[in-house]
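Computed over heavy atoms, backbone and side chain alike; hydrogens, waters and symmetry mates excluded. Indexing begins at 1, ligand by ligand and atom by atom, following the structure's order. None of these values were measured; they are calculated from a predicted model.
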Amino acid sequence: MESSKPTQIVKGVVEAAVEKVGDALTPDVPGAPGSAPPPLKEPTTPHGPLPPKDEQGAPDTRTPTGAETGVPKIAKGQQGAYLTTANGARLRDTDHSLKAGPRGPVLLQDHHLREKITHFDHERIPERVVHARGAGAHGTFVAYGTAEEVTRAGFLKKGRETPVFVRFSTVLGSRGSADTVRDTRGFATKFYTDEGTFDLVANNIPVFFIQDAIKFPDVIHAGKPHPDREIPQAQSAHDTFWDFVSLHTEAQHHTMWNMSDRGIPRSYRTMEGFGVHTFRMVDEAGATVLVKFHWKPKLGVHSLTWEEAQLIGGIDPDYHRRDLYDAIEAGAFPEWELGIQVFPDTPEETFAGIDLLDPTKIVPEELAPVQPIGKLTLNKTPRNFFAETEQVAFHVGHLPPGIDVTNDPLLQGRLFSYVDTQLTRLGGPNFTQIPINRPHADVNDMLRDGFHQHAVHAGVAPYRPNSLDGGNPFPAGDREHAFVDTPVTVAEAPKVRAAPASFDDHYSQVRLFWQSMSPVEKEHIIRAYTFELGKCYHQAIKDRQLQCLANVDPVLCEQVAIGLGLPVPQPTVPFADVQPSPALSQVGREWPADGRMVGIVVDAQGDMNDVHEVRRAVFAAGMVPLLIAAHGGTVDGLPVQRTFATGRSVEFDAVLLAGAPAPAPDALPARDAKAGAAGSSTVDPRVLLLVEEAWRHAKVIGAWGAGAEVLNQAGVTGTPGVVTGGSGAEVLTEVQRLMAAHRVWERFPASVA
Ligand code: HDE
């Protein structure tokens, strides 16, 4: 039977397909769907499923109770050459319903029709109530051993390697919303440790809107689309959001982070991650410290400009997803260092006067440095989005021995919420048995039955104490690596619905953040507040938020008020005397440019000599070159990835001009509105638009040979970050050097200091 030797057959099919398509058009940049180029004609010779793409991973093959199965991951999906029912009976026809004669009616007995349609009808599950839009990847975490002093967690011992799955997300939007909206990003990591799963369910912003979990429904109801018209989607620029945060001033710190460039990351790969709450670490002897978790991206923290974010929302709503998958496929594996800030575990639970239980406060890194404890590398994309990224279920209560929670009231509520939400979303209590959620540690719980029970439990005594199952399972003692709840002393106190007085300071750290920004970052913040409040209908809401800004900084408040055409209110609280934290600024350092996209404009009629070499050099630098030409297909044997009609500047981190292509036949405003700027230029107007946009988004632009003419016609020759030179190689070297700063910040002088 052919399906009994699938690998051989698959290999043959792939080879035949590659041969048919030919080398020239075989995509050599990431993103092609499927593991083999498709042949022109529908394949009809039966063979087994194609292998997954090289860069795709899958959950480890474990039993529902965590035991290794030894089954190779490759065997996990469907198998065999033939179409079958869900029960494995082969099918002859899936295109026609069973009818009484060719003209019907359809017969109720058509069990294949009913199975196919019924299953389809139930393909969707409820999306996450928050963080619905996300993208995931597999990877590994290697511990440096530097945390051994403060925790007994085995996975943090020197050299330990732990498999992980990470899911990045936005908070407010629906599952199909755009990636580049202004929002907080989720950064949730599942460490499959051999002492039980550890979920670090983090965000890219180190503080939160609220200090108590009981207000989570309030802030989310305010941020989600209005309940009557269900608009706007995936954004905070609307009345209900600003109504809430201006009345509820503890949200002002988080809101300022959202209005900063942190709210529109360039990539998931260029985001920091923060555990937000203070956690407790426990060593072998039971000694404890308080810690805050930080993820530091190898590529630095970078953002989009607001105009880019808006354009990308339309042009490529999957921008962050694509970026993550493409980078992994290209071998530019995203990396982060995990670090901790360590504080003594004192009864006050404060550090340098900062309440460590208040999730609206940070501890500046200058006061408590982030100490690296390990490295995360994402190196495999999911094979199946639903099975892995959609079904992964995080929970802040998934803690290994050595890491414990604190009394942060936000964290305490989360401990309840994450299990609760999965019951509805994943249809029952057995979601830890879904392959992506299966622990890599022995599971011997006494939880039984329930919807979708995959484990076939043996024994008769799922209770303790028992003698019928020989007493198993037994409680683990300290020596057997049990999770022990830290016996924290709880001070004698009345039962109240109240917060500590220290939680009342809502402005000092907002001011700290503002004062830590560089001038250009401050301009972006002013712009963001002006835009968002400008989108509100009601003046009372704008006035109220301006009052909050007046309590942060007079310049910020005044500039936003000017933009809104409203009077500037006076502060109602004295300005805090704060020390800026340079670590909060994204500007002023240099970073590697791995996985960045470099657009190369070529002229099919012009000199292509340097293009081959530059393209190779871009690949060699760990970046992805995308050729942009007047038409698709190939130019000088090189595959074209974007045409002047399909490409847009926002897809590229830098633009290189290897020629000055004349207006192409489709440069007609009637066909492509982007050609509207034609004028009398001798260069295709879409290329000029590309350069103008790249310039105003402060991107590096390089040109050689005839390409310099494009710069002249766009009027940008000789301006900062615009590089010209005699050869492509020379230009690329300088372009790469400038890309290290992410953008050409000096192109735009700021009006605020
Ligand atoms: Fe979450 N949060 N959260 N959250 N959260 C969820 O869990 C919740 C908070 C975060 O990729 C939900 O499985 C409450 C802070 C991430 O699957 C839900 C409170 C931080 C993700 C939930 C918070 C986060 C979630 C929705 C206030 C940063 C996505 C679906 C006390 C430290 C995880 C789900 C993924 C998801 C509850 C606040 C991060 C409803 C009640 C603070 C990254 O359980």
Can [X] and [Y] be counted as having a side-chain donor-acceptor contact under 3.5 angstrom?
{"X": "His254", "Y": "Thr360", "answer": "no"}
{"X": "His294", "Y": "Gln341", "answer": "yes"}
{"X": "Asp179", "Y": "His320", "answer": "no"}

Atoms in ligand 1 flagged as close to [X], the criterion being non-hydrogen separation under 4.0 Å:
{"X": "Ala213", "answer": "31 (C)"}
{"X": "Phe394", "answer": "11 (O), 17 (O), 33 (C), 35 (C)"}
{"X": "His131", "answer": "5 (N), 10 (C), 16 (C), 21 (C), 25 (C), 29 (C), 36 (C), 39 (C), 43 (C)"}
{"X": "Gly186", "answer": "43 (C)"}
{"X": "Gly275", "answer": "32 (C)"}
{"X": "Gln422", "answer": "13 (O), 34 (C)"}

Any Lys292 side-chain heavy atom under 4.5 Å of Ile340 side chain: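 In short, these two side chains do not touch, never coming nearer than 4.5 Å.
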Shortest heavy-atom approach to atom 43 (C) of ligand 1 - which of Pro217, Ala202, Ser169: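 Among Pro217, Ala202, Ser169, the closest heavy atom to atom 43 (C) of ligand 1 comes from Ala202.
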Identity of the nearest option to atom 26 (C) of ligand 1, non-hydrogen atoms only, from Asn204, Asn203, Asp420, Val130: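 Result: the heavy atom closest to atom 26 (C) of ligand 1 is in Val130.
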Applying a heavy-atom cut-off of 4.0 Å, say which part of [X] lies close to ligand 1: side chain, backbone, both or neither.
{"X": "Thr421", "answer": "side chain"}
{"X": "Ala393", "answer": "neither"}
{"X": "Tyr418", "answer": "both"}
{"X": "Val201", "answer": "both"}

is_close_aromatic(Trp336, Phe274), centroid dist under 6.0 Å: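 No - the distance between ring centres of Trp336 and Phe274 does not fall below the 6.0 Å cut-off.
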Salt bridge (Lys or Arg N to Asp or Glu O under 4.0 Å) between Glu329 and Lys53, worked out: CA-CA 9 Å; Glu329 186 177 343; Lys53 291 182 74 182; 3.0 Å; yes
Tell me which protein heavy atom sits closest to [atom], plus the residue, atom name and distance to 0.1 Å.
{"atom": "atom 11 (O) of ligand 1", "answer": "Arg167 NH1, 2.6 Å"}
{"atom": "atom 37 (C) of ligand 1", "answer": "Ser417 OG, 3.3 Å"}
{"atom": "atom 41 (C) of ligand 1", "answer": "Phe216 CD2, 3.3 Å"}
{"atom": "atom 17 (O) of ligand 1", "answer": "Arg128 NE, 2.7 Å"}
{"atom": "atom 15 (C) of ligand 1", "answer": "Arg414 CZ, 3.5 Å"}

side-chain contact (heavy atoms from CB on, under 4.5 Å), paired with Phe141, selected from Thr193, Thr377, Leu338: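 Result: among Thr193, Thr377, Leu338, Leu338 is the only option passing the side-chain contact (heavy atoms from CB on, under 4.5 Å) with Phe141.
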Residue among Asn203, Ile525, Leu584 satisfying side-chain contact (heavy atoms from CB on, under 4.5 Å) with Trp257: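 The passing option is Leu584.
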Geometric cation-pi criterion Arg544 and Trp242, 6.0 Å radius, 45° cone: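 No - Arg544 does not lie over the ring of Trp242 by the 6.0 Å and 45° rule.
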Contact summary for Ala213 and Arg414, nearest pair of heavy atoms: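 Shortest heavy-atom contact: CB-N, 4.4 Å.
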Ligand 1 to Arg425 polar contact by distance, N or O atoms, under 3.5 Å: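 In this structure, Arg425 places no N or O atom under 3.5 Å from an N or O of ligand 1.
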From CG (Asp323) to CD1 (Ile328), nearest 0.5 Å: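 It is 9.5 Å, given to the nearest 0.5 Å.
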